[in-house]
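First up is the structure itself, then whatever we jot down about it.
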Amino acid sequence: MRSRRPGAAPRAPPIPPVPPVPPARAAALRRRLLAWYDASRRDLPWRAPQGAADPYRAWLAEVMLQQTRVEAAIPYYRRFLEAFPTLEALAAAGEEEVLSRWAGLGYYARGRNLLAAAREAVARHGGLPATPEALRALPGFGPYTAGAVASIAFGVRAPAVDGNAARVLARLFRIEGRPEERAVRERILGVAARLVPAGRPGDWNQALMELGATVCGRAPACGRCPVEPLCEARRAGRERGIPPPRRHPAPALLRVACAALWRDGRLLLVRRASRGLLGGLWELPGVTLHGADPARAAVRRALRRDLGLEASVGRELAAVERQLTHRRLQLIAYEIRSVRPVPGTGKPPGKSVPKPVPGTEHRGRAGPAGPAPGMRSRPVPGPVPGTRWISPDALEGVAISTAVRRLVEALAAARAKE
DNA sequence: AACCCGGGGTT
DNA sequence: AACCCAGGGTT
């Protein structure tokens, strides 16, 4: 520590540089970690027995693994690959079809971006491009996924730093501070870029992540760690404090009231807008409640505005509550006693629909439906754009969130008891 | 930089 | 209940 000379200007705290990565240390880390990976890597469906992975499969796995644990993604990966075995098959698919295979996985923009990127890759490159820069230009490819696919599938010497790798590297090089801050992130990325070996970039990146997932977690098992002797956080006794935990505000409550419209044992579903919460998925027609909104009146207004239906709203039939990361989602379904078309709105032209507060809208449709679906009378049973009737025991193939699935199941159970 | 986006497991 | 997960997009 050098003392400041009298008269010298007080210096702002220096920006910490990327920690040095001596070649000998890099070589030791690579040797030990790759040996450990060869011996104890998990047998995952998208991993080739040896060598480079199939680009399409590696990409699909990476997207499904975004913010999603390996064990949770595996069954989805198998089913998705069965439906869309190749990049070309995916590119030729429809969004509804893709989203129905994604249903339950969450973060549905991943599914939509996956389809858009597949189409773009086939059209512009005749397949997935090999460089991180070209991949990065496709929807759904951020820095991590671009580096992961380039290194794992194409052998490009690019880093791929996910949450696991970031934690491992921060500990190995004792990088203190919050990884959300740019300076900290740049130091981690700097170390990562210097460490990737030219020989086995994909295995190296996966080894870092694998170590973070199985050994170097929030509560690290240093006794099983192949690089413990090289870990500066461990040497300083700081392994448990790096990285510091993030804090999130308590999730807000989102109350949604909806209508259980039955016809011939089937329920009416409407489609949500493709952006925002649960974008592009099907749900019961309804509305988000604000404050102490009376639920039944709100449902009545929503049916009139969105579907052109005059309805009599009955009692509560079912309710479910789901915990999302950032929301407590509460769904309440009400009985619909009778329903008839609002006079004069059978063929609404460009009727102005009140614009919902962004992020709180609970209708997926651009405008009112055409012919009203009658309950007893059956005026025009033809399909209405943006709506569909589904049987509760035929939910496979329907793009529907877990929350709405639970609600539909509860409604079917309540109906069965009558 | 801050916020949004699901669902589920671990501690 | 807090925290996290093979992150990316938008503002």
Worksheet item: Which ones in residues 34-44 of chain A lie close to DNA chain C, meaning a heavy atom under 4.0 Å from one of its atoms?
Response: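 Listed by number, they are Arg42(A), Leu44(A).
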Practice prompt. May I ask you to list the residues of residues 84-99 of chain A, by number, that have any heavy atom positioned under 4.0 Å from an atom of DNA chain C?
Written response: none
Fill in: Pairs involving residues 123-146 of chain A, ordered by first then second residue, that meet ring-ring contact (aromatic ring centres under 6.0 Å, His included) (sequence neighbours left out)
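For residues 123-146 of chain A, and leaving out neighbouring residues, the ring-ring contact (aromatic ring centres under 6.0 Å, His included) pairs sorted by first residue read Trp59(A)-Phe141(A).
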Between [atom2] of [N] and [atom1] of [X], the distance in whole Å:
| X | N | atom1 | atom2 | result |
| --- | --- | --- | --- | --- |
| Asp162(A) | dA6(C) | CG | C1' | 4 Å |
| Glu210(A) | dA6(C) | CD | C1' | 10 Å |
| Arg185(A) | dG8(C) | CZ | P | 12 Å |
| His248(A) | dC5(C) | NE2 | P | 10 Å |
| Asn205(A) | dG7(C) | CG | C1' | 15 Å |
| Trp59(A) | dG8(C) | CH2 | P | 13 Å |

[atom1] gap between [N] and [M], integer Å:
| N | M | atom1 | result |
| --- | --- | --- | --- |
| dG9(B) | dG8(C) | C1' | 22 Å |
| dC5(B) | dC4(C) | C1' | 16 Å |
| dT11(B) | dA6(C) | P | 13 Å |
| dC5(C) | dG6(B) | C1' | 12 Å |

Measuring only between side-chain heavy atoms, which start at C-beta, is [X] closer than 4.5 Å to [Y]?
| X | Y | result |
| --- | --- | --- |
| Leu195(A) | Phe173(A) | yes |
| Arg255(A) | Leu253(A) | yes |
| Pro251(A) | Thr325(A) | no |

Worksheet item: Have Glu97(A) and Trp102(A) got a donor and an acceptor in their side chains that come within less than 3.5 Å?
Response: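 Glu97(A) vs Trp102(A): no donor-acceptor pair found between side chains.
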Worksheet entry | Donor-acceptor side-chain pairing of Arg110(A) and Thr68(A) below 3.5 angstrom |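 Per modelled atom types, Arg110(A) and Thr68(A) side chains form a pair under 3.5 Å.
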Discussion item. Assess the residue pair Asp203(A) and Tyr37(A) against the criterion (side chain to side chain contact (heavy atoms under 4.5 Å, CB included)); give the C-alpha distance rounded to whole Å, side-chain angles, the decisive distance to 0.1 Å, and a yes or no.
Written reply: CA-CA 8 Å; Asp203(A) 283 346; Tyr37(A) 181 68; 3.8 Å; yes
Practice prompt. Keeping to residues at least two apart or across chains, list the side chain to side chain donor-acceptor pair (under 3.5 Å) pairs with something in residues 172-185 of chain A.
Written response: Arg174(A)-Glu176(A), Glu176(A)-Arg238(A), Arg178(A)-Glu180(A)
Discussion item. Checking Gln67(A) now: which residues fulfil side-chain hydrogen bond (donor to acceptor under 3.5 Å, both in side chains) with it, not counting sequence neighbours?
Written reply: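 Checked Gln67(A) against side-chain hydrogen bond (donor to acceptor under 3.5 Å, both in side chains); zero matches.
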Worksheet item: Which residues pass the salt bridge (charged side-chain N to carboxylate O under 4.0 Å, His left out) test with Glu418(A), sequence neighbours left out?
Response: Arg315(A)
Worksheet, complete the sentence: Contacts of Arg218(A) meeting salt bridge (charged side-chain N to carboxylate O under 4.0 Å, His left out) (sequence neighbours excluded), chain-then-number -> none
Worksheet entry | Of Arg247(A) and Trp46(A), the one whose closest DNA chain C nucleotide lies more 5' |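 Closer to the 5' end of DNA chain C: Arg247(A).
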Discussion item. Evaluate Glu96(A) against Arg388(A) for salt bridge (Lys or Arg N to Asp or Glu O under 4.0 Å), listing each step before the verdict.
Written reply: CA-CA 13 Å; Glu96(A) 172 73 22; Arg388(A) 74 195 283 183; 3.2 Å; yes
Fill in: Side-chain N,O (Thr145(A)) to OP1/OP2 (dA6(C)) below 4.0 Å
no
Discussion item. Please determine whether a side-chain nitrogen of the Lys or Arg among Arg171(A) and Glu239(A) lies less than 4.0 Å from a carboxylate oxygen of the Asp or Glu.
Written reply: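 Not counted as a salt bridge, because no side-chain N and carboxylate O are separated by less than 4.0 Å.
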Worksheet item: Do NZ/NE/NH1/NH2 and the carboxylate oxygens of Arg200(A) and Asp38(A) come within less than 4.0 Å?
Response: yes
Worksheet item: Should we say atom CZ of Arg112(A) is surrounded by more than 12 heavy atoms from elsewhere, each under 6.0 Å from it?
Response: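 Yes, CZ of Arg112(A) has more than 12 neighbouring heavy atoms, counting only those of other groups under 6.0 Å.
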Nucleotide N/O to protein N/O under 3.5 Å, stretch nucleotides 9-11 of chain C:
unit_1	atom_1	unit_2	atom_2	d
dG9(C)	OP1	Gly140(A)	N	2.6

Practice prompt. State which residues pass side chain to side chain contact (heavy atoms under 4.5 Å, CB included) with Ala333(A); sequence neighbours excluded, sorted by chain then number.
Written response: Cys258(A), Leu284(A), Leu407(A), Leu411(A)
Practice prompt. Using a 4.0 Å heavy-atom cut-off across all strands, classify Arg240(A) as base, sugar-phosphate, or nothing.
Written response: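 Result for Arg240(A) = nothing.
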Check: protein-nucleotides 6-9 of chain B nitrogen or oxygen pairs below 3.5 Å:
unit_1	atom_1	unit_2	atom_2	d
dG6(B)	OP1	Tyr108(A)	N	3.2
dG6(B)	OP2	Leu278(A)	N	2.3
dG6(B)	O4'	Tyr107(A)	N	3.0
dG6(B)	N7	Tyr107(A)	OH	3.2
dG6(B)	N7	Thr325(A)	OG1	2.8
dG6(B)	O6	Tyr107(A)	OH	2.8
dG6(B)	N1	Gln67(A)	O	3.0
dG6(B)	N2	Gln67(A)	O	3.3
dG6(B)	N2	Thr68(A)	OG1	3.0
dG6(B)	N2	Leu105(A)	O	3.3
dG7(B)	OP1	Tyr108(A)	OH	2.9
dG7(B)	OP1	Thr402(A)	N	2.9
dG7(B)	N7	Thr325(A)	OG1	3.4
dG7(B)	O6	Thr325(A)	OG1	2.6
dG8(B)	OP2	Arg322(A)	NH2	2.1
dG8(B)	N2	Arg69(A)	NE	3.3

Fill in: Contact residues, residues 165-181 of chain A to DNA chain B [heavy atom, < 4.0 Å]
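DNA chain B contact set from residues 165-181 of chain A: none.
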Worksheet entry | Test applied, ring-ring contact (aromatic ring centres under 6.0 Å, His included); reference residue, Phe80(A); option that passes from Tyr76(A), Phe84(A), Tyr77(A) | Phe84(A)
Worksheet entry | Involving DNA chain C, stems made of at least three consecutive Watson-Crick or G-U pairs, both distances under 3.5 Å |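 For DNA chain C the paired stretches long enough to count as stems (3 pairs minimum) are B:1-5 with C:7-11, B:7-11 with C:1-5.
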Item to complete: Apply salt bridge (Lys or Arg N to Asp or Glu O under 4.0 Å) to Arg47(A) and Glu210(A), showing your working.
Response: CA-CA 13 Å; Arg47(A) 280 188 178 157; Glu210(A) 189 97 346; 2.9 Å; yes
Worksheet entry | Pair Arg271(A)-Glu283(A), salt bridge (Lys or Arg N to Asp or Glu O under 4.0 Å): steps then yes or no | CA-CA 6 Å; Arg271(A) 204 154 114 85; Glu283(A) 66 181 356; over 6 Å; no
